[in-house]
Protein chains: 2
Amino acid sequence: MARGSETRSKIMDIAQEAVLAKGFDSTSIEEIVASAEITKSGFFYHFKDKNALAYALIERHIGVEDALFDDLFGRARDLSDDPLQAMLIGLKLLAELIEDMPGGHPGCIVATAAYQDRLFNNDVREINARAVLGWRARFRPMFDDIAAKYPPREAVDLDQLADMVSTVIEGGLVMGRALANPAATSQQIMLFRSYIKLLFQPQD
Amino acid sequence: MARGSETRSKIMDIAQEAVLAKGFDSTSIEEIVASAEITKSGFFYHFKDKNALAYALIERHIGVEDALFDDLFGRARDLSDDPLQAMLIGLKLLAELIEDMPGGHPGCIVATAAYQDRLFNNDVREINARAVLGWRARFRPMFDDIAAKYPPREAVDLDQLADMVSTVIEGGLVMGRALANPAATSQQIMLFRSYIKLLFQPQD
DNA sequence: GCAAAAACTGTACTGCCGGTATTGTAAAGC
DNA sequence: GCTTTACAATACCGGCAGTACAGTTTTTGC
């Protein structure tokens, strides 16, 4: 029992590091098994193919990220009872968190999956979509609360606004990679925060 | 002269279609040469490796896109002398343009290149970075003009704001793919437009 | 009109990689 | 003590990027 899941997570750890550094397709199974000091048979015992590995990586990542976001926006909510202030604090904390992340954000895995669509099968695409919809489900109620208290100055669809969190992060990661500027993502999050402020905060 | 460049662009046309549909790595050279009715030797006569093909595709795409943006924001500028209004009109036109694009936006090529970083060599990464900086150079002066006339309500870095155009588009494309919703990108552009409006437009 | 360069064809091969197949085996659980 | 789990070992297939090299046609420059 213990032995099996240990090997499995060892494979996943090694794979995740390589995938974040080089991308999914340029990470070979043979390289992973060599690094994990197992044989190919061992790998295929745990994962029926490379898709299954991608699926497992994304699934695990979603869990970690959910816990992280629960903590982060929970703390923000502790710091202010006001839903708008809590959101602004949460976005600031998020920007700081991402900036401090060495070697980039694991969200790359999800984005990579989105772009290499045909490379993956339906299962991987579905769990990827579920992850994005999970973010929407997380942020939408927060924006509902904010909008209930502070009428937005512009008519906006709150689902689309919730999706903008993902958009800015994923887009920011792409920009960060393209420009070799790791700070890009957090800068873009701060701009989004500025938008939220202008959209909901009453003028003095 | 004519024959050579004809074959070359035929290869690129076929490759581009396949890359947009399936991604770069799952488009094989053998498949391209079969479709172009040439031999493998013919392909490698024009492109020394797959990197060179990617480079050529991105380079050509940048040219097309530049012309397209010149036209689009030129028309917007014709419709209004005010820099803010011109920007808002331009973003609206951009959102409509992207929405009407069947089969997604060619910008995918650039984003794919950013994400499959290690898959490509330095040349490809550099031209990709140049493309992103080109967008910044395009939008930054526009925001300078706007900010000179309408002082922004929030302190923002105008380079970062210019980069947000790219961010929202690239992020929107990722979201669109993940959710299988082609409208996502244009919706996100319209949210960015709403931000620009709130940031610069004087309150009544 | 002819030589040289450009634009290929044809064939054969290497090496990496994902995935399959099969046989065997040490350890854990019941 | 028998079965299941968790692998190891070896060998192989097919797809694909890229190379090598020799030969052939088409275009161009003089």
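Just so it is clear: chains get the letters A, B, ... in the order the sequence lines come, proteins before strands, and each one is counted from 1.
- Legend: residues meeting side chain to side chain contact (heavy atoms under 4.5 Å, CB included) with B:Gln188, ordered by chain and number and at least two apart, are A:Gln160, A:Asp163, A:Met164, A:Thr167, B:Val168, B:Leu191.
- Going from atom CD1 of B:Ile11 over to atom C1' of C:dT9 covers 14 Å, rounded to whole Å.
- Screening A:Leu53, A:Ile11, A:Ile38 for a side chain to side chain contact (heavy atoms under 4.5 Å, CB included) with A:His46, the sole residue that qualifies is A:Ile11.
- Listed nucleotides C:dC8, D:dA8, D:dA6 differ in distance to A:Thr39; the shortest reach to its side chain belongs to D:dA8.
- For residues 172-199 of chain B, the set of pairs meeting the ring pair (Phe, Tyr, Trp, His ring centres under 6.0 Å) definition, not counting sequence neighbours, comprises A:Tyr195-B:Tyr195.
- For D:dA6, neither phosphate oxygen OP1 nor OP2 lies less than 4.0 angstrom from any side-chain nitrogen or oxygen of A:His46.
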Where do N or O atoms of nucleotides 14-17 of chain D meet protein N or O atoms at under 3.5 Å, pair by pair?
from: D:dA17; atom 1: OP1; to: B:Ile29; atom 2: N; distance (Å): 3.4
from: D:dA17; atom 1: OP1; to: B:Lys50; atom 2: NZ; distance (Å): 3.2
from: D:dA17; atom 1: OP2; to: B:Ile29; atom 2: N; distance (Å): 2.9
from: D:dA17; atom 1: N7; to: B:Lys40; atom 2: NZ; distance (Å): 3.3

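- For B:Phe47, the ring-ring contact (aromatic ring centres under 6.0 Å, His included) partners at least two apart in sequence or on another chain are B:Phe43.
- Whole-Å rounding puts the B:Ile38 CD1 to D:dT24 C1' distance at 16 Å.
- Close to D:dA6, at under 4.0 Å from its OP1 or OP2, lies no side-chain N or O of A:Ser41.
- As a whole-Å value, the separation of A:Tyr45 OH from C:dG19 C1' is 18 Å.
- With sequence neighbours left out, B:Phe139 forms a ring-ring contact (aromatic ring centres under 6.0 Å, His included) with B:Phe73.
- Between the P atom of C:dG10 and the CD atom of B:Glu37 lies a distance of 12 Å, rounded to the nearest Å.
- Residue A:Glu6 contributes atom CD, which lies 12 Å from atom P of D:dA6 at whole-angstrom precision.
- Residue pairs meeting the salt bridge (charged side-chain N to carboxylate O under 4.0 Å, His left out) criterion with at least one member in residues 35-49 of chain B, sequence neighbours excluded: B:Glu30-B:Lys40.
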